[in-house]
Amino acid sequence: MAFGKGCHLHLIDGSAFIFRAYHALPPLTRKSDGLPVGAVAGFCNMLWKYIEDAKGADAPTHAAVIFDKGSHTFRNDMYDKYKANRDEMPQDLRPQMPLTREATKAFNIACEELAGYEADDIIATLARQAREAGGRVTIISSDKDLMQLVGGGVEMFDAMKNRAIGVEEVEAKFGVGPDRVIDVQALAGDSVDNIPGAPGIGVKTAALLINEYGDLETLLERAGEIKQPKRRESLVENADQIRLSKQLVTLDPQTPITFTLDDLEIREPLVETLLEFLNQMEFRTLTRRVAEKFNTEPPPAIEVTASTDAATPAKDVPPITPENYVCIRDAETLTQWLDQARARGWVAVDTETTSLDEMQADLVGVSLCIEAGQAAYIPLGHSTGEGDLFGGSERAEGQMDFDAALALLKPVLEDASILKIGQNMKYDFKIFARNGIRVAPIDDTMLMSYAMFSGLHNHGMDALSDRYLNHQPLPIKELIGSGKSQITFDKVAIDTATRYAAEDADITLRLWQQFKPRLHREQVTTVYETLERPMVPVLADMEMAGVKVDAQVLSRMSNAFAQKLAGLEDEIAQIAGTPFNVGSPKQLGEILFDQMGVEGGKKGKTGAYGTGADVLEDVTTLEDVNPQAAKLAARVLDWRQISKLKSTYTDALQTHVNPDTGRVHTSYSIAGANTGRLASTDPNLQNIPVRSEEGRRIREAFVAGPGMKVVSLDYSQIELRILAHVADLPEMKQAFKEGQDIHAMTASEMFDVPLDQMTPDIRRQAKAINFGVIYGISGFGLARNLRIPRAEAQGFIDRYFERFPGIRQYMDDTVGFAKEHKFVQTLFGRKIHTPEITAKGPAAGFAKRAAINAPIQGAAADIIRRAMIRMPAAIGGLPATMLLQVHDELIFEVEEGAVDDLITVARATMEGAAEPVVKLSVPLVVDAGQGASWAEAH
DNA sequence: AACTTCACG
DNA sequence: GACGTACGTGAAGTTC
């Protein structure tokens with residue numbers, strides 16, 4: 001068919017596909033020879049998805065993937081610095097470039113490139129030709145440089161966001177229509193492509209000017225009329241540079257291509273060629289999928305030479321097929337399965353229960369998997385239907401006796417020669433522990449993923465299965481529903497439950513087979529084995545122990561807060577002249593800024609006024625200008641504080657007291673925080689108030705049992721000490737060695753004030769700077785924190801860098817490392833990936849600061865983890881229990897007579913926790929406190 | 001479900 | 001006056 005009216009041309013920006021694929025996926029290599037193929041794999045998946053998605057009503061009649069060829073184009077001849085600051089292509093991406101062309105051809109899609117021109121120019125040329133022939137064009141890309149082509153039958157499509165980009169979207173981005181986009185780009189320039197533009201003028205200003213003067217030439221001619229001196233000078237002085245910039249950003253619609261639109265007609269994939277290519281690449285899943293789609297057998301998989309590693313995946317991993325799962329209903333079958341586990345030396349295990357709260361959950365069933373595809377489910381606590389009016393439902397038929405099954409499982413689960421593999425093992429560990437079984441030894445795929453991929457993605461099973469097995473597990477929602485009508489797992493029919501539960505064990509085993517050898521390749525085996533995996537039993541025991549909370553104390557506080565809130569609400573209504581919901585920032589903002597006339601209200605992206613504490617605090621200072629508003633803001637601040645304490649703490653904590661134990665059992669996520677820190681949930685016991693006097697009293701409700709004391713030990717300034725060590729700051733190290741006040745020392749160095757003349761205010765500023773450095777300081781941030789002018793804050797920072805030159809070095813080195821490797825590392829080898837480090841725009845700033853902070857925060861997290869892992873053995877002989885961790889603090893419950901001994905032993909464990917792996921050049925110091933409650937101990 | 005606010009280190 | 005900014009979390013409440 002000749003291209004003409006009614007035809008629809010799709011132009012895919014090939015380079016964009018490749019780079020997106022490269023950055024979205026972890027570095028994947030071909031099993032047989034180690035060839036890097038991650039980007040090719042992603043590229044093929046995207047292409048396949050594109051083909052599948054492009055079918056249907058608005059299907060293209062013609063399509064092509066357009067690539068860049070070489071790096072030298074006619075633009076380099078116009079301007080030698082064009083794209084000069086681009087990083088070199090990553091080592092492992094280069095060999096993949098030709099493969100992406102091959103892939104395109106294998107899919108039987110036209111594949112075009114042209115020396116001396118960019119893909120964008122070819123796209124422009126084809127788009128022009130297609131329009132002239134009366135057809136429509138869709139460009140599959142989100143690149144802003146292509147937006148100038150939009151309009152008149154040409155639109156773009158962002159495949160990532162699944163969103164069309166038409167004239168409106170272009171206008172939203174550039175503030176002008178597509179026909180003026182190049183004018184705006186010429187003025188604004190582009191740091192990524194090294195387009196100079198007009199210094200000091202960005203997209204916003206450029207759009208403003210173009211809209212005022214009509215077009216770029218008119219603007220340049222009449223630049224002298226511009227009132228703002230900076231803009232005027234920038235335009236007048238750089239007119240030539242701006243005209244050059246326009247030439248650089250303008251796409252060439254007349255590239256000398258040697259093919260025609262007719263050559264791009266859609267063709268069906270040649271199934272054999274395509275399967276052959278995919279098989280050569282060893283993309284098993286995609287090969288299988290494509291084969292399935294065309295109802296044909298996939299070619300035999302390429303033989304991979306056997307590795308010595310026990311956990312190398314089987315050569316032919318069978319597909320995940322729930323129909324093949326076994327339901328174990330008798331002792332004989334169970335024994336057979338357990339014998340297989342003994343013979344193999346490992347077994348994947350998963351538990352099903354009635355609740356997500358491990359302390360309340362009853363065991364409903366156990367699933368096992370010994371080899372990919374071979375999984376079984378042992379139903380143990382299923383009941384029939386909904387039960388009768390009296391709530392009693394009967395035990396379902398066809399289940400083994402609960403105790404008999406556990407008696408068979410116990411010796412295997414506790415057998416030192418059989419590895420138990422789980423996903424989020426802490427959960428199953430606790431369930432079994434509450435049934436008298438201490439599971440050991442273990443491996444945990446969630447923690448393996450965390451050790452290897454922290455910062456790249458989550459580590460939940462659904463995400464891992466999707467990403468590494470290309471399989472979407474049966475959602476639990478389909479079994480138990482959601483919301484109000486949700487049922488517990490014991491009510492699920494055993495057949496359905498078998499498919500779901502056995503699949504989880506199957507997936508876990510497959511993930512483990514993939515991850516286990518990879519831990520070595522990613523060089524995080526030690527991290528996994530010494531910092532992640534051993535946390536499971538330690539945390540499980542802490543969580544099961546729980547902390548004693550006096551609900552009566554909390555209840556009394558709640559009542560007192562309720563009264564206070566009611567009083568404040570009356571007062572607030574009176575000042576406002578009308579009652580309103582004080583808890584609604586929206587209503588508060590309208591009253592404060594619209595009705596009461598406070599000026600300077602700033603609306604956020606949702607159009608609501610910001611009413612955060614800092615904003616309200618500013619309003620309270622308006623006593624002279626707007627006394628009513630000042631008073632209102634002050635009362636709202638009081639209300640907010642009390643309301644927070646009541647709802648989040650005194651009310652909520654009471655509901656978390658376990659009826660069986662009378663204690664509060666938090667849950668720590670080991671793989672939650674990117675940096676290696678733990679996170680505490682349900683309830684969060686890592687953010688119990690302490691900074692305000694009023695809030696601190698909540699800690700009085702955290703008490704010790706009779707004859708016991710609460711003991712708290714916390715690292716003093718651990719992050720600053722780590723900073724002093726890693727950044728090699730001699731003055732700071734010396735100060736720590738001498739046990740000096742570190743903030744006072746910093747202040748003295750920075751402001752030339754002798755220590756004996758130090759004032760609290762100067763020390764406070766130095767303290768803020770010390771913390772700022774850990775967070776990846778910026779003038780803006782410090783200025784806001786200290787409420788001083790930005791220039792002054794910048795002055796402080798400059799001076800700090802002068803006095804402690806190691807800091808600057810550390811920051812530059814860390815960011816440089818992150819850019820090169822896409823991750824940063826702690827002293828203990830923990831990797832934190834920083835994929836955003838090469839982002840442009842504001843994301844780059846975030847990524848930089850996060851990269852600077854991560855090794856410090858992460859090392860502190862590593863150290864306290866090491867202390868916690870050693871703690872049970874260290875305090876083993878003492879009547880003491882470790883209960884809580886709050887990032888740099890450990891809380892124990894100890895018999896009164898053993899308090900001093902506990903402090904001695906625990907302190908030594910914490911202070912020596914970095915050794916012997918890391919010998920810090922600063923001492924670690926631990927402060928201790930004790931008392932009847934956490935409030936007294938802290 | 002997204003956004004805002006605020007509690008902690 | 002290109003952009004928007006301290007790092008890392010979780011929970012509760014309101015709004016859509």
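Note on naming: letters A, B, ... go to the chains in the order of the sequence lines (proteins, then strands), and numbering restarts at 1 for each one.
When the P atom of B/dT4 is taken as reference, atom CZ of A/R640 falls 13 Å away, rounded to whole Å.
Across all strands shown, A/N687 has heavy atoms under 4.0 Å from base atoms, whether or not it also approaches the sugar-phosphate. The residue A/A652 sits close only to the backbone: its heavy atoms come under 4.0 Å of sugar-phosphate atoms, none of a base. Within 4.0 Å (heavy atoms only), A/K586 reaches sugar-phosphate atoms of the nucleic acid but no base atom. Within 4.0 Å of A/L782, counting heavy atoms only, lies at least one base atom of the nucleic acid. Residue contacts shown for A/G845 are absent, as no nucleic acid heavy atom lies under 4.0 Å away. Residue-level contact check: A/G772 touches the bases, meaning some heavy atom is under 4.0 Å from a base atom.
Taking 4.0 angstrom as the limit, A/S584 places a side-chain polar atom (N or O) nearer than this to OP1 or OP2 of C/dT15. Look at A/T611 and you'll find a side-chain N or O under 4.0 angstrom from OP1 or OP2 of B/dT5. An OP1 or OP2 oxygen of C/dT9 is reached within less than 4.0 angstrom by no side-chain nitrogen or oxygen of A/Q857.
Shown are A/E700, A/E694, A/E693; of these, the side chain to side chain donor-acceptor pair (under 3.5 Å) with A/R696 is made only by A/E693.
Counting all heavy atoms, side chain and backbone alike, A/H459 lies closest to A/S449 at ND1-OG, 2.6 Å.
A donor-acceptor contact under 3.5 Å links the side chain of A/R691 to the base of B/dG9.
Using a 4.0 Å cut-off between a side-chain N of Lys or Arg and a carboxylate O of Asp or Glu, A/D614 and A/R787 do not qualify as a salt bridge.
Within a 6.0 Å radius of NZ in A/K822, more than 12 heavy atoms belonging to other residues, nucleotides or ligands are found.
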